[in-house]
Protein chains: 2
Amino acid sequence: MTGRPTITQLAAELGIAPSTVSRAFTRPNLLKPETVALVQKAAEAAGYVPNHHARALSTGRAGAIGLIVPDIANPFFPPLVRAAQNYASDLGLSVFLADTDEDANREDRLISRMAPQVEGLIVVSSRLPSARIRQIADSQRVAFINRDVAETYRVLLDTTAAIRSALTHLSELGHRRVAYVGGPPQSWANKQRRSAVDNFSKVHALEVTHFSADPGTYDAAKALADSVAASGVTAVIAFDDVIAHGLMGGFAAAGVDVPKELSVIGCDDTLATTTFPALSTIAVNVGAAARRAVAALSENPGSTNLTGARIIFEGTLVLRGTTGAVRPTSSPLTLEPELDHPSARGVQTGRGSDS
Amino acid sequence: MTGRPTITQLAAELGIAPSTVSRAFTRPNLLKPETVALVQKAAEAAGYVPNHHARALSTGRAGAIGLIVPDIANPFFPPLVRAAQNYASDLGLSVFLADTDEDANREDRLISRMAPQVEGLIVVSSRLPSARIRQIADSQRVAFINRDVAETYRVLLDTTAAIRSALTHLSELGHRRVAYVGGPPQSWANKQRRSAVDNFSKVHALEVTHFSADPGTYDAAKALADSVAASGVTAVIAFDDVIAHGLMGGFAAAGVDVPKELSVIGCDDTLATTTFPALSTIAVNVGAAARRAVAALSENPGSTNLTGARIIFEGTLVLRGTTGAVRPTSSPLTLEPELDHPSARGVQTGRGSDS
DNA sequence: CTTTTCTCTGCAAACGTTTGCAAAACAAGG
DNA sequence: CCTTGTTTTGCAAACGTTTGCAGAGAAAAG
């Protein structure tokens, strides 16, 4: 009936001051060890648990952070959420999760609503315009993941180098025409990957065709498979694993063999070895990115915003079963590609490890 | 420098009482419309946002609920999280997310720590012993999903009827020997599904062999595929889609054709049509379950716990490409099975719809 | 035995809201 | 103009902590 016991009740029960009880939890070294023990015993017995709201009000520290993602159902995000939550928990922070449903307005509203209630916000793959992001970053403690706006605190999963490796590898396998199948157009990662493909395809004299599986879903990619297959490319690099998987589904349905007729490389390594054949992809360390962002939020509790920084984690190419030599029936290979980069740099075989 | 403005500052600025400002937001109908407008304008200009902690302390209502899942990376949970978060948001509630990592102790700690800070807790697929669950439910506002303990508030995704349909269907296709490949042993759903298979296989005179892909991962299931194939069954019902998918991966690697040589049926419909062939499965309405749980928490804000209830949402069988007639080379079908139930009850073809 | 220095504990104010109660303002009825 | 009733606003206490400051002892130093 009396509900949960409070510090004041505990204090009354023990005949001591509330401040003493408080200190028994927050600064035990200020107290006589026996007093601490006494309080702890009583607290245990009474089932006392501190009220976070009161604490937050008094200290100004919320004990929580917010995490905003575009679509929790996309397999890229759960591992990120998990890592963030685990690490936050280690730091004594709880995490609020919110899903923007890929909607920029919703995202904006969520940021405004949550920011004042937490010690900081992590916004992943923001769909907001750069100007707005800069504005937000100016007055709120927010760390962005996979969104590169100058003077904000951002941690980026950079796949540029890995894409270069991928193209080098494809080139060595004799591929000359490759496709890039993009995902959500507003996505920073999509733009970054697309231009990486464009840039490095030039150095290997590869011809690249662009496609876009717009909403970035399995079904959208699957529907695109026929056009891709018909375009005459012999290899495709997809924005992410689910698009790669969708394409494979489409190819299988159309009877085109992967990797014999078409090589495919995904990105993000969200599917591990669950495709058949196992998907060659670019593994990224989402866990590290999440932890870095959480750490940033917990670091300068005082300041009203985060100082600009650009933290990069590089992805690595992992070769599995969906990449192979170009089909011998194609035009025979006459000129050897000029390799100005070690082909196996940053390449890893088998399952990517997450540190 | 002054940080975010407070109600008191706003009041001072306008020359009115803090209580008036407060009421402008919480009970505007008590105030003269012009006053409300005045306050709103000033608030807007000053960028005022209410402090949830102060409000929570004053009202005793936290404005947040907690959601505890065993493993957010398991594809069963993200849609549930998403639905819960969306609905909570509609009700003006934020949601804390926590991941127990399949660890009962961690789960217990999380419940204790979170419960006092929120208006209620949703615990999904709890791994805690029943006695402890009853104890928790006694004094905390918690709704369980997929865990059936008497006198607690629980919402269950019941697949019993759908499994009966599945077995009927398999029986009609001529199957006589089926396997059940289980998931996490402590899981209520696993026990429920296993016994459903046992019970209804009897009515169709099916012989069932049991397997367990213990941690419930793709890899564990894949490793099990050979034994399953060697056991002589012609159809398998898996605890969930990821296990079904793992088995399919193993079968593909071993060269056994699905569905020609072996039919497989998954559960939960987490993979939609992303497998090849598209997986026949049992669709469950996780969204409805999540919303029901959120609603329950928001319903009796006063009471210290939830009154016992057992809410059931039934799954439906959805037939796609992994089920087929038993191979003609097997022992020829001699006796017609006795069908005491309409075979197509609750059966649906194609993609499951989520209301 | 004083004085000084520590160690330990208590007092009371603050954090930003909400809300019961009462005062003030206004309108209506006589 | 005085009641009475209604609407609108203000006062002040409360929610459960934390923390600066100061007081009370105890230990150390003289």
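As the structure is a computational prediction, the values presented were derived from the model and not from experiment. Note on naming: letters A, B, ... go to the chains in the order of the sequence lines (proteins, then strands), and numbering restarts at 1 for each one.
Comparing C/dT17, C/dG10, D/dT9 by their closest approach to the side chain of B/Thr20 singles out D/dT9. With distances taken from any side-chain atom of A/Arg27 to the nucleotides C/dT18, D/dT9, D/dT19, the minimum falls on D/dT19. Checking C/dG10, C/dG16, D/dA12 against the side-chain heavy atoms of B/Asn51 singles out C/dG16 as nearest. Comparing atom distances between the A/Thr6 side chain and each of C/dG10, D/dG16, C/dG16 picks out D/dG16 as nearest. With distances taken from any side-chain atom of B/Leu57 to the nucleotides C/dT17, D/dT18, D/dG16, the minimum falls on D/dG16.
A straight line from NZ of B/Lys32 to P of C/dC26 spans 7 Å, rounded to a whole angstrom. For the pair B/Arg55 CZ and D/dT17 C1', the computed distance is 20 Å after rounding to whole Å. Taking atom CG on A/Leu38 and atom C1' on C/dT9, their separation rounds to 13 Å, with Å as the unit. The separation between A/His52 atom NE2 and C/dT17 atom P is 21 Å, rounded to whole Å. Between the NE2 atom of A/His53 and the P atom of D/dG16 there is a distance of 12 Å, rounded to whole Å. In this structure, CG of B/Asn29 is placed 15 Å from C1' of D/dT9, rounded to the nearest angstrom. Atom pair B/Glu34:CD and D/dT9:C1' shows a separation of 13 Å (rounding to whole Å applied). With rounding to whole Å, B/Ile7 atom CD1 is found 11 Å from C/dG16 atom P.
Ring geometry, B/Phe96 versus A/Phe96: the interplanar angle falls under 30°, so the pair is classed parallel (tilted spans 30 to 60°).
At a threshold of 4.0 angstrom between heavy atoms, the contacts of A/Leu30 include nucleobase atoms, whether or not backbone atoms are also involved. Residue A/Tyr48 is in sugar-phosphate contact alone, with no base atom involved, counting any heavy-atom pair closer than 4.0 Å across all strands shown. A/Thr8 comes within 4.0 angstrom of a base, heavy atoms only.
A donor-acceptor pair under 3.5 Å is absent between the side-chain atoms of A/Ser22 and the main chain of A/Pro18, judged by distance alone. Checked by atom type and distance alone, the side chain of A/Arg127 never pairs as donor or acceptor with a backbone atom of A/Gln186 at under 3.5 Å.
The side chain of A/Ser22 contributes no N or O atom lying less than 4.0 Å from OP1 or OP2 of D/dT17. Contact check, A/Ser19 against C/dT9: no side-chain N or O comes under 4.0 Å of OP1 or OP2. Contact check, B/Arg23 against C/dT18: no side-chain N or O comes under 4.0 Å of OP1 or OP2. Checking the phosphate oxygens (OP1, OP2) of C/dC8, no side-chain nitrogen or oxygen of A/Thr35 falls inside 4.0 Å.
A/Pro70 and A/Val124 make their closest contact through CD-O, 3.4 Å (heavy atoms, listed as atom of the first residue, atom of the second, distance).
Nearer to the 5' terminus of DNA chain D, by closest-nucleotide assignment, is the contact made by B/Leu31 (compared with the other of B/Ser58 and B/Leu31).
Side-chain atoms of A/Gln85 and A/Arg82 include no donor-acceptor pair closer than 3.5 Å.
Between A/Asp103 and A/Glu107 the shortest side-chain heavy-atom distance does not fall below 4.5 Å.
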